[in-house]
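Single-structure report; data block below.
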Amino acid sequence: SGWAWLGVSPEGKLVIDSTPNQDNPLMEGAGCAKMIPVLGLDVWEHAYYLKYQNKRPEYIKAFFSVINWNVVSKNYEDYALKGTPVPVQG
């Protein structure tokens, strides 16, 4: 259980990594590569169990079909490349 992340390292390179539980790459001691995340995938069972039961690969495939890559690209260019965390939208 945890999260999968796409982000940008301090050197400006794309990074894919994961964190356990509720941890994220912006936390000290998260146990993953240092990065500014631009996309996160929740792989805790609570995120998909009601619709997908134990079929995590189907959940991940569905997730990739709804990603708004224009927003991810904008977050990459406007924030991550500058070393600034993406502001929370709400």
Side-chain angles (χ1 to χ4, degrees):
S1 293
W3 289 79
W5 301 98
L6 171 65
V8 180
S9 73
E11 297 79 30
K13 297 183 186 273
L14 286 175
V15 178
I16 297 173
D17 210 340
S18 62
T19 56
N21 305 318
Q22 73 283 353
D23 295 353
N24 71 69
L26 299 176
M27 297 172 64
E28 289 292 323
C32 69
K34 186 173 174 96
M35 71 170 91
I36 300 292
V38 293
L39 180 66
L41 169 60
D42 184 351
V43 290
W44 281 59
E45 282 186 350
H46 71 255
Y48 61 86
Y49 193 81
L50 287 178
K51 186 168 184 177
Y52 296 96
Q53 282 82 44
N54 61 347
K55 300 172 189 148
R56 185 183 287 181
E58 289 181 26
Y59 162 70
I60 293 170
K61 183 177 180 181
F63 174 81
F64 273 90
S65 73
V66 297
I67 295 171
N68 185 334
W69 288 108
N70 291 328
V71 172
V72 174
S73 293
K74 183 169 177 34
N75 289 341
Y76 170 77
E77 292 171 7
D78 293 352
Y79 301 102
L81 280 179
K82 298 173 185 169
T84 304
V86 178
V88 176
Q89 306 281 320

- Does atom CG of L81 have more than 12 heavy-atom neighbours from other groups under 6.0 Å away? yes
- Residue pairs involving residues 60-78 (criterion salt bridge (charged side-chain N to carboxylate O under 4.0 Å, His left out); sequence neighbours excluded): K74-D78
- Task: Starting from W3, walk the hydrophobic network (Ile, Leu, Val, Met, Phe, Trp, Tyr; side-chain heavy atoms closer than 4.5 Å) and list everyone else you reach, by chain and number.
- Result: W5, V15, M35, W44
Let me confirm one number: the [atom1]-[atom2] distance from [X] to [Y], rounded to the nearest 0.5 Å.
X   : Y   : atom1 : atom2 : result
N75 : W69 : CG    : CH2   : 11.5 Å
S73 : N68 : OG    : CG    : 9.0 Å
L14 : Y76 : CG    : OH    : 5.0 Å
K34 : L26 : NZ    : CG    : 9.0 Å

- Message: For residues I67 and V8: do they belong to one hydrophobic cluster (side chain heavy atoms under 4.5 Å, members Ile, Leu, Val, Met, Phe, Trp, Tyr)?
- Response: yes
- Message: According to a hydrophobic-cluster definition based on side-chain heavy atoms being under 4.5 Å apart (Ile, Leu, Val, Met, Phe, Trp, Tyr only), do L41 and I36 belong together?
- Response: no
- Query: Do you know the tightest heavy-atom contact between P25 and A33?
  - Reply: CB-O, 4.3 Å
- Identify the two heavy atoms, one from P20 and one from A30, that lie closest to each other, and give their separation to 0.1 Å. CD-O, 3.9 Å
- Give the C-alpha distance, both sets of side-chain angles, the deciding distance and a yes or no for side chain to side chain contact (heavy atoms under 4.5 Å, CB included) between I60 and Y52. CA-CA 10 Å; I60 293 170; Y52 296 96; over 6 Å; no
- Verify side chain to side chain contact (heavy atoms under 4.5 Å, CB included) between Y59 and K51, making sure each step is shown before the conclusion. CA-CA 8 Å; Y59 162 70; K51 186 168 184 177; over 6 Å; no
- Task: Measure from the side-chain N and O atoms of S65 to the backbone N and O of A62, and report whether any donor-acceptor pair falls under 3.5 Å.
- Result: yes
- Derivation of the side chain to side chain contact (heavy atoms under 4.5 Å, CB included) call for L39 and F63: CA-CA 11 Å; L39 180 66; F63 174 81; 4.0 Å; yes
